> 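After the structure tokens below, expect a handful of questions from me.
The shown structure was predicted, so the numbers you read here are calculated from the model rather than taken from an experiment.
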Amino acid sequence: MLRPISHMLLYSFAFGGTTFYSYVASPMAFKVLTRDQFSILQNKVFPWFFTMQSLSPIALALTLPAPLAAPAYYALGGATISGVINLYGLLPWNKSIKVKRHILQERLDKGELTQEQFDTFDAPLKKEFGKAHGLSLLVNMGYTIAMLTYGCFLTTGMLRYIPK
């Protein structure tokens, strides 16, 4: 009896936490915090967030309370891959672009660059960040869809065990 409950709690945490942070908390923080404050927040949250996205589907696969159809495992695999891509690929790429932009801003503030030079150097970095951030959002949406899909298979599988 404890295994299905702990599995459902883990699923609720993984799916609910990701969905809430991605589509409610993070956009809200973006609106109310300064850009620097928001950046500090995300830099602290994202390594943990993407680690959770990478590991929780594995934990779910290892603690299944009942056998499920193969597509349920594919959904968990897709969610894990999404988390790993964000953690080890897109997060470092986004961070490296932010560091370059921060250095440019410091050089502008020190008077080492004119505003025109800054704008010239910053434009391609803005474009690259938009691309990297957009890919990260897409991959994050992939995680959410994969976990939602898994939840549908989990619910269907567990309904078989409810007495009629």
> List the atom pairs, donor and acceptor, that lie under 3.5 Å between side-chain atoms in residues 64-78 and the rest of the protein, sequence neighbours left out.
none

> Side chain to side chain donor-acceptor pair (under 3.5 Å) with H102: which of K100, E106, K98?
E106
> Quick one: list whatever passes ring pair (Phe, Tyr, Trp, His ring centres under 6.0 Å) with F30, sequence neighbours left out.
F38
> Distance-only criterion, 3.5 Å: show the donor-acceptor pairs between side-chain atoms of residues 43-53 and protein atoms not counting sequence neighbours.
{"unit_1": "N43", "atom_1": "ND2", "unit_2": "S39", "atom_2": "O", "d": "3.1"}
{"unit_1": "T51", "atom_1": "OG1", "unit_2": "P47", "atom_2": "O", "d": "2.6"}
{"unit_1": "Q53", "atom_1": "NE2", "unit_2": "N140", "atom_2": "OD1", "d": "2.6"}

> To the nearest 0.5 Å, what is the distance between CD1 on I103 and CG on L113?
11.5 Å
> Do M147 and F153 sit in the same hydrophobic cluster, where Ile, Leu, Val, Met, Phe, Trp and Tyr count as joined when their side-chain heavy atoms come under 4.5 Å apart?
no
> Check whether any side-chain N or O of S26 sits under 3.5 Å from a backbone N or O of S22 as a donor-acceptor pair, and report yes or no.
no
> Show every side-chain hydrogen bond (donor to acceptor under 3.5 Å, both in side chains) that has at least one partner inside residues 55-64, sequence neighbours left out.
H7-T63, S56-Y143
> Give a yes or no on whether I58 and L60 share a hydrophobic cluster (residues Ile, Leu, Val, Met, Phe, Trp, Tyr; joining criterion: side-chain heavy atoms under 4.5 Å apart).
no
> Taking ring pair (Phe, Tyr, Trp, His ring centres under 6.0 Å) as the definition, give me every residue that meets it alongside F15, ordered by chain and number, with sequence neighbours left out.
Y11
> Which is it for M8 and M158 under the side chain to side chain contact (heavy atoms under 4.5 Å, CB included) test, yes or no, and what are the steps along the way?
CA-CA 11 Å; M8 291 303 294; M158 292 182 82; 3.7 Å; yes
> Who pairs with A59 by side chain to side chain contact (heavy atoms under 4.5 Å, CB included), at least two apart in sequence or on another chain?
L10
> Name all residues meeting the side chain to side chain donor-acceptor pair (under 3.5 Å) criterion together with T144; count only those two or more places apart in sequence or in a different chain, and write none if there are none.
none
> Restricting to side chain to side chain contact (heavy atoms under 4.5 Å, CB included), what partner residues turn up for V24, sequence neighbours left out?
F20, M28
> Please report the shortest heavy-atom distance between L125 and I97, naming the atom on each side.
O-CG2, 3.5 Å
> Which pair of non-hydrogen atoms, one from L87 and one from S54, has the smallest distance, and what is that distance?
CD2-OG, 4.1 Å
> Check for me, please, whether L91 and Y21 land in the same ILVMFWY cluster - side-chain distances under 4.5 Å, paths through other members count.
yes
> For residues 128-139, tabulate all N or O donor-acceptor pairs below 3.5 Å that involve a side-chain atom, not counting sequence neighbours.
{"unit_1": "E128", "atom_1": "OE2", "unit_2": "W93", "atom_2": "NE1", "d": "2.7"}
{"unit_1": "S136", "atom_1": "OG", "unit_2": "N86", "atom_2": "OD1", "d": "2.7"}

> Taking only residues two or more places apart in sequence or in another chain, which ones pass side chain to side chain contact (heavy atoms under 4.5 Å, CB included) with Q105?
L108, D109, F118
> Can you tell me how far apart CG (N94) and CD (Q42) are? Round to the nearest 0.5 Å.
10.5 Å
> Give a yes or no on this: more than 12 heavy atoms of other residues, nucleotides or ligands lie within 6.0 Å of atom CD of Q115.
yes
> Report the residues that fulfil ring pair (Phe, Tyr, Trp, His ring centres under 6.0 Å) with F13, sequence neighbours left out, ordered by chain and then residue number.
none
> Who are the side chain to side chain contact (heavy atoms under 4.5 Å, CB included) partners of K126, not counting sequence neighbours?
R101, D122
